Amino acid sequence: MSMGLRVLAAERRQSQNISLQWTNERLSMDNFVKLEKKTSSEIDQLLRSAGLAARTADLNQAITLCLKAWARLPEPKDRWDFYPQIISRGLVEYYTKIGDKENMEKWIDLTYYAYRDDSRTDIFLNMLEAECLYKMGIDSRAFDIIAQVEKVTGKIPPENLNNASVKAYLNSASIKS
């Protein structure tokens with residue numbers, strides 16, 4: 001993994017720990033294991049190619065490459081640092097963009113698994129799920145998730161205020177009051 005990716009992953013972990021302070025079940029990112037160099041290099045190459053495919057609007061190719069990268073991860077997949085999290089999140093977003101609800105929901109579940117968040121209390125993941133559900137036209141479930149985050153934390157995370165799902169949620173809340 002490149003130094004830039006390591007820094008981003010470390011920053012993500014740090015911000016995740018901050019966002020999870022409201023729960024008693026903090027995720028333990030410290031006991032993830034790093035992949036051997038050969039495997040991580042192969043996965044890096046697949047993910048670079050997937051990113052290029054996505055930037056050129058070839059989302060089906062991006063999905064295929066991400067699935068190959070996922071398959072390269074040894075079992076159990078939630079044991080490894082960085083890769084299961086980034087791959088599963090990417091697949092959630094790609095499936096959302098192509099309108100594949102079934103696979104989007106499957107990969108939302110696998111994203112929670114990759115983050116070891118069986119209780120689904122990670123705010124970052126909650127907001128990702130809400131945004132994807134909203135984009136798929138499943139407004140009520142998206143709004144329920146946002147409402148739960150707001151109830152538990154007392155606010156909507158500022159970094160999510162420009163999300164389409166949050167704007168629609170806030171608009172619907174103002175109409176009801």
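From a predicted model like this one, the values you see are computed outputs, not experimental measurements. Note that these values count all heavy atoms, side chains included, but never hydrogens, waters or copies made by symmetry.
The minimum heavy-atom distance between Val149 and Pro157, with the atom names listed, is CG1-CD, 3.9 Å. Of all heavy-atom pairs spanning Ala62 and Ala53, the tightest one is N-CB, 3.8 Å.
Side-chain contact annotation: Tyr112 with Asp78, donor-acceptor N/O pair under 3.5 Å absent. A donor and an acceptor atom, one from each side chain of Tyr113 and Asp118, are nowhere located under 3.5 Å apart. Tyr95 and Glu102 are not linked by any side-chain donor-acceptor pair at a separation below 3.5 angstrom, with hydrogens and angles left out of the test.
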Evaluate the side chain to side chain contact (heavy atoms under 4.5 Å, CB included) criterion for residues Arg48 and Leu52: first the C-alpha distance (whole Å), next the side-chain angles of each, then the deciding distance (0.1 Å), finally the verdict. CA-CA 6 Å; Arg48 274 192 292 279; Leu52 179 61; over 6 Å; no
Could you go through the side chain to side chain contact (heavy atoms under 4.5 Å, CB included) check for Tyr134 and Tyr169 one step at a time? CA-CA 10 Å; Tyr134 179 77; Tyr169 168 78; over 6 Å; no
Please test Phe82 against Leu35 for side chain to side chain contact (heavy atoms under 4.5 Å, CB included), starting from the C-alpha separation and ending with a verdict. CA-CA 9 Å; Phe82 180 71; Leu35 285 170; over 6 Å; no
Under the side chain to side chain contact (heavy atoms under 4.5 Å, CB included) rule, what do Gln45 and Ser41 come out as? Steps first, then yes or no, please. CA-CA 6 Å; Gln45 182 56 46; Ser41 294; over 6 Å; no
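Under a hydrophobic clustering in which Ile, Leu, Val, Met, Phe, Trp and Tyr are joined whenever their side-chain heavy atoms come within less than 4.5 Å, directly or via other members, Val92 and Leu65 fall into different clusters.
One finds the CD atom of Glu131 at 12.5 Å from the CE atom of Met136 (value rounded to the nearest 0.5 Å). Within the model, atoms CZ of Arg72 and CG of Leu46 stand 8.5 Å from one another, a figure rounded to the nearest 0.5 Å. One distance of note links NZ of Lys106 with OG of Ser88; it measures 12.0 Å at 0.5 Å rounding. With rounding to the nearest 0.5 Å, the separation of SG in Cys132 from CZ in Arg141 is 11.5 Å. Here CG of Asp139 is found 10.5 Å from CG of Asp144. Values are rounded to the nearest 0.5 Å. Between the CG atom in Leu133 and the CD1 atom in Ile108 there is a gap of 6.5 Å [rounded to 0.5 Å].
Between Arg89 and Tyr94 there is no side-chain heavy-atom pair separated by less than 4.5 Å. Looking only at side-chain heavy atoms (C-beta outward), Ser165 and Asn160 stay at 4.5 Å or farther from each other. Residues Ile63 and Ile98 have side chains in contact (heavy-atom distance under 4.5 Å, counting atoms from C-beta outward). At a threshold of 4.5 Å between non-hydrogen side-chain atoms, the residues Ile43 and Ile87 count as touching. Between Cys66 and Leu47, the closest side-chain pair of non-hydrogen atoms falls below 4.5 Å. Between Ser40 and Glu36 there is no side-chain heavy-atom pair separated by less than 4.5 Å.
Panel note: side chain Thr111, backbone Trp107; a donor-acceptor pair is recorded below 3.5 Å. Distance alone, capped at 3.5 Å, is enough to place a donor-acceptor pair between the Asn126 side chain and the Arg120 backbone. A distance-only check finds no donor-acceptor pair linking the side chain of Glu129 to the backbone of Ile145 [under 3.5 Å]. At distances below 3.5 Å, at least one donor-acceptor pair connects side-chain atoms of Lys77 with backbone N or O atoms of Leu73. At distances below 3.5 Å, not a single donor-acceptor pair connects side-chain atoms of Asn163 with backbone N or O atoms of Val166. Within the 3.5 Å criterion, the main-chain N or O of Tyr115 finds no donor-acceptor partner in the side chain of Gln85. Proximity of a side-chain donor or acceptor of Glu150 to a complementary backbone N or O of Ile156 within less than 3.5 Å is not detected.
The pair Lys101-Glu105 meets the salt-bridge criterion, with a side-chain N (NZ, NE, NH1 or NH2) lying under 4.0 Å from an Asp/Glu carboxylate O. We find that Lys38 and Glu42 are joined by a salt bridge, their nearest charged nitrogen and carboxylate oxygen being less than 4.0 Å apart.
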